[in-house]
Protein chains: 2
Amino acid sequence: MKLRRSDYAILGLLRLGPGSGYDIKQRIDRSVAFFWNESYGQIYPRLKALEAEGLVKGRETPSARGGVRHVYSLTRRGAKALDAWIEEPVVPAPPRSELLLKLFIAGEPSLPALERHLVAHARDLRAELQQHAATHTLISDTEPGDVAWTLRRLTLDFGERTARAELAWAEHALEALGELT
Amino acid sequence: MKLRRSDYAILGLLRLGPGSGYDIKQRIDRSVAFFWNESYGQIYPRLKALEAEGLVKGRETPSARGGVRHVYSLTRRGAKALDAWIEEPVVPAPPRSELLLKLFIAGEPSLPALERHLVAHARDLRAELQQHAATHTLISDTEPGDVAWTLRRLTLDFGERTARAELAWAEHALEALGELT
DNA sequence: ATTTGCATGTAAAATGTTACATGATTGC
DNA sequence: GCAATCATGTAACATTTTACATGCAAAT
């Protein structure tokens, strides 16, 4: 079976420690959501497929509240597959920004709408920056300074730098639109 | 028929003037490729669908070299649909950066690979910045200063600002990796 | 002769999201 | 009682890329 990017994302998040499909989704939403996302509809079927391939192994544990939890952990083969993928060249995703597309194809009558979109975008970016700042202080407390810590810190830096650049652009764009009267 | 994002991209590029599927692809590659992309496998079938809906109308013209060109132009209804879409709130695409994912899930043994990826990424960004600079001087010559010009100029600004921020980050990340020895 | 650019299109495969379905427990 | 969180999963739908197929003309 050829693995997809989602599979590697799942394997990678399991390297942080064993977890259920639900846990994986939580980890995504709490730490990598600003550059990676997966839905349940992707996670659950893929965990089964990965188990069939022997890249993860699952075991059933009773959950704190009655139900059954399927907790998966990375196997040695899974870790190997993951490391091999990391070695491979990065495949760049074709970019798609709906906001920029609208800017590009709009005419005069659409200016008020564009202004609304830019204001909303700036708002979202400020929220993202606040979130990043919160994460920043959170991880600064437990600063181990090891490799994994440095790498995750770098992804956060990316989020902060690009969000700041985008925010500055959005503000610049709003000014420019204002000058068109 | 519910229109998809690709449809609006096609309609938008036809607003620049009538053109064939081939022309549309050229326009994309030459001006919006850094924030939007479509493949032929998308463009040709969609043009037919859009014509069936009366949003574009096609006519066959002989091409300079023998064959037949299908040249499409925007209809009044097509322009209306396009403007209505621009009014709607922007739907943010869930981000996916393979590079950052690899950073996040990598361990010590992957550091040389990460360095390679970052170097390649920095190279790509420098090429993109050069391309932007070239476009910049190109459009500065014919500076009409009207609305459409300002808006396209803003998308270019976005490309330049974010590419610069990403490049600065990549260089920072390479330094940080170097310090891990 | 062969590569490059112009030009159009289809079919299959890959990939992914959304909606639906179900059910327990905890805190308000 | 009700909302939120925990927890798992399927099916349908939507979307898109890739590979394939074809052919002419101009330039090298």
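Just so we're on the same page: letters track the sequence lines, and every chain starts at 1.
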Mind calculating the distance between CZ (R5(A)) and P (dT17(D)) to the nearest angstrom? 11 Å
How many whole angstroms separate atom CD of Q42(A) from atom C1' of dT8(D)? 16 Å
Spacing of E51(A) atom CD relative to dG9(D) atom C1', expressed in whole Å: 15 Å
Hydrophobic cluster membership, L16(A) vs L47(A), 4.5 Å side-chain cutoff: yes
Base, sugar-phosphate, or nothing: which does R69(B) touch, judged by heavy atoms less than 4.0 Å apart? sugar-phosphate
Under 4.0 angstrom between S6(A) side-chain N/O and dT15(C) OP1 or OP2: no
Mind calculating the distance between OH (Y44(A)) and P (dT22(C)) to the nearest angstrom? 17 Å
Once you round it to whole Å, what is the distance between P of dG16(C) and CG of L3(A)? 12 Å
For Q130(A), I'd like to know if atom CD has over 12 heavy atoms of other residues, nucleotides or ligands within 6.0 Å. no
Can you classify the ring geometry of F158(B) versus W169(A) as parallel (below 30°), tilted (30 to 60°) or perpendicular (above 60°)? perpendicular
Distance in angstrom units between Y40(A) OH and dG23(C) C1', rounded: 15 Å
Rounding to a whole Å, what distance do you find between N37(A):CG and dT15(C):C1'? 15 Å
Can a side chain N or O of Y22(A) be found less than 4.0 Å away from OP1 or OP2 on dT8(D)? no
Ionic contact status for K102(A) with E88(B), cut-off 4.0 Å: no
At 4.0 Å (heavy atoms only), tell me whether R96(A) reaches a base, stays on the sugar-phosphate, or touches nothing. sugar-phosphate
Nearest-angstrom distance from the residue atom CE of M1(B) to C1' of dT15(D): 14 Å
Answer with base, sugar-phosphate or nothing: what part of the nucleic acid does K48(B) contact at a heavy-atom distance below 4.0 Å? sugar-phosphate
Closest approach to the side chain of Y72(A), judged atom by atom: which nucleotide of dT17(C), dG9(D), dT15(C) is it? dG9(D)
R4(B) side chain, from C-beta outward: closest of dT15(C), dA7(D), dT15(D): dT15(D)
Taking the side chain of D23(B) as heavy atoms from C-beta outward, which of dA7(C), dT10(D), dT8(D) is closest to it? dA7(C)
Is the phosphate of dT18(C) approached by S39(A) (side-chain N or O, under 4.0 Å from OP1 or OP2)? no
Is it true that K25(B) and D29(B) make a salt bridge, defined as a side-chain N closer than 4.0 Å to a carboxylate O? yes
